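To start, the structure itself, in structure tokens.
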Number of protein chains: 2
Amino acid sequence: MAIDPSADRPVYKQLADLIRARIEEGDLRPGQRLPAESDYVAEFGISRDSVRRAMAVLRGEGLIITELRGSRVRDAGEAVTVQISPGTQVGARMPTEPERKQLGVAEGVPILVITDPGGETRLLPADRTIARAGDEA
Amino acid sequence: MAIDPSADRPVYKQLADLIRARIEEGDLRPGQRLPAESDYVAEFGISRDSVRRAMAVLRGEGLIITELRGSRVRDAGEAVTVQISPGTQVGARMPTEPERKQLGVAEGVPILVITDPGGETRLLPADRTIARAGDEA
DNA sequence: ATTAATTTGTACGTATGTATT
DNA sequence: CAATACATACGTACAAATTAA
């Protein structure tokens, strides 16, 4: 499979589709290092700009983590289960950048907003937290 | 307040901070149109590239919506409350691009993943859904 | 209704900085 | 020290869609 610059779908989305498929098929496993941006530039004859846009898409989906030494497939990690009692509400949204930094959440990871009946809210990283209805310990 | 290209913090993040502050202070209200990219280019003497990166940050935080005719402050909209019975789990993550399209979710909006005790899962847009523990209809 | 202007989307290039190897 | 790799930031150009004239 290759990338068609003349296709309707933008080059960077085509590349994102391609890499996403490789991840979902297990061709690229959690924790595994992705090829360097320059590798994709060479492999498909596209600009680094397009490669970086594709990476940004995948980061936004929480599928990869990009660090200075390269990108790797994100490992979901073990989630902690939080018991929530009746009346408690659970929502989710993306953190703002200051919140993200404060909570130590990776890019592309939402936060769970858990509001007790009393009105107090907790913000928890959604990649490490599952809310479970039920009182029993 | 202005933008300092020689500061440690990247120009695009400085601009994102600035616009975010204007939104949070109510200077830019929900539904209101943001200035065009070219306006920010002119106002701060920075590249369009930097402006677009700033917009991408704010989109990723779910603060703004960008369409072809411009960006506007996102209106949270009314959320639907979903009752979840004991044993039901609630998580959240970002949708992949195909999922986002299928569910009709805006960029920067996570999805709630609600798993019944039976194992069946529902995907719901987090900007329009609140999960609430409790059985009563 | 056609045209022109506006605005964002995509995509290329180049350059420099910074951290890691 | 040098090579690698990503981050930022400038530039240009054209396409596509919407809005205004």
Side-chain angles (χ1 to χ4, degrees), chain A residues 2-20 28 31-74 97 100-101 106-108, chain B residues 2-20 28 31-74 97 100-101 106-108:
Chain A
I3 283 175
D4 176 12
S6 69
D8 271 356
R9 192 160 177 77
V11 169
Y12 79 96
K13 288 190 180 176
Q14 289 184 53
L15 179 57
D17 291 342
L18 197 148
I19 298 175
R20 191 188 301 113
L28 290 168
Q32 186 178 338
R33 185 94 174 296
L34 264 69
E37 293 174 347
S38 56
D39 292 333
Y40 286 116
V41 169
E43 182 176 356
F44 298 108
I46 59 182
S47 73
R48 193 185 158 206
D49 184 77
S50 299
V51 176
R52 286 183 61 71
R53 283 170 193 274
M55 296 300 189
V57 167
L58 299 172
R59 265 200 308 280
E61 294 174 359
L63 291 178
I64 67 170
I65 299 285
T66 302
E67 293 151 323
L68 277 176
R69 66 131 182 295
S71 295
R72 57 187 169 76
V73 180
R74 194 169 74 84
E97 221 236 44
R100 196 172 68 73
K101 224 179 136 186
E107 266 187 88
Chain B
I3 283 174
D4 177 12
S6 68
D8 271 356
R9 192 159 177 78
V11 169
Y12 78 96
K13 288 190 180 177
Q14 289 184 54
L15 179 58
D17 290 343
L18 197 149
I19 298 174
R20 191 189 302 112
L28 290 169
Q32 186 178 339
R33 186 98 174 295
L34 264 69
E37 294 173 349
S38 54
D39 292 332
Y40 286 117
V41 169
E43 181 176 356
F44 298 108
I46 59 182
S47 73
R48 192 184 160 205
D49 184 77
S50 299
V51 176
R52 287 184 60 71
R53 283 171 193 274
M55 296 299 189
V57 168
L58 298 172
R59 267 199 305 279
E61 293 173 359
L63 292 179
I64 68 172
I65 300 284
T66 301
E67 292 151 323
L68 277 176
R69 66 138 182 292
S71 295
R72 56 187 168 77
V73 180
R74 194 168 74 84
E97 219 237 42
R100 197 171 67 73
K101 223 180 137 186
E107 268 187 87

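Naming: A, B, ... by sequence-line order, numbering from 1 per chain. Predicted model only: the values in this text are computed from it and were never measured.
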Candidates D:dA7, C:dT7, C:dA11 - which lies nearest the side chain of B:Ala36: C:dT7
Value rounded to 0.5 Å, distance of CZ in B:Arg33 from CD1 in B:Ile64: 12.0 Å
Rounded distance (Å) that lies between atom P of C:dG17 and atom CG of B:Asp8: 14 Å
Short side-chain N/O contact to D:dC10 OP1/OP2 from B:Ser47, under 4.0 Å: yes
Distance, rounded to the nearest Å, where A:Phe44 contributes CZ and C:dC12 contributes P: 13 Å
C:dT8 OP1/OP2 closer than 4.0 Å to side-chain N/O of B:Arg52: no
Pair of N/O donor and acceptor under 3.5 Å linking C:dG9 base with A:Arg53 side chain: no
d(CZ, B:Arg33; C1', C:dT8) in whole Å: 10 Å
Nearest-0.5 Å distance that lies between atom CD in A:Gln14 and atom CG in A:Asp8: 9.5 Å
Whole-Å gap separating P (D:dC6) and CD (A:Glu107): 15 Å
Side chain of A:Lys13 (C-beta onward), nearest among C:dT7, D:dT8, C:dT10: C:dT10
Short side-chain N/O contact from B:Arg69 to OP1 or OP2 of D:dT19, under 4.0 Å: yes
Phosphate OP1/OP2 of D:dT8: any B:Tyr12 side-chain N/O under 4.0 Å: yes
Spacing between A:Asp39 atom CG and D:dC6 atom C1', to the nearest angstrom: 13 Å
Distance below 4.0 Å between B:Ser50 side-chain N/O and D:dC10 OP1 or OP2: yes
Check ion pair A:Asp17-A:Lys13 (N to O, under 4.0 angstrom): no
Atom pair CD1 (A:Ile3) and CG (A:Leu15), whose distance is rounded to the nearest 0.5 Å: 4.5 Å
Donor/acceptor link under 3.5 angstrom from A:Arg48 side chain onto base of D:dA5: no
Carboxylate-amine/guanidinium contact A:Glu97 B:Arg20, below 4.0 Å: no
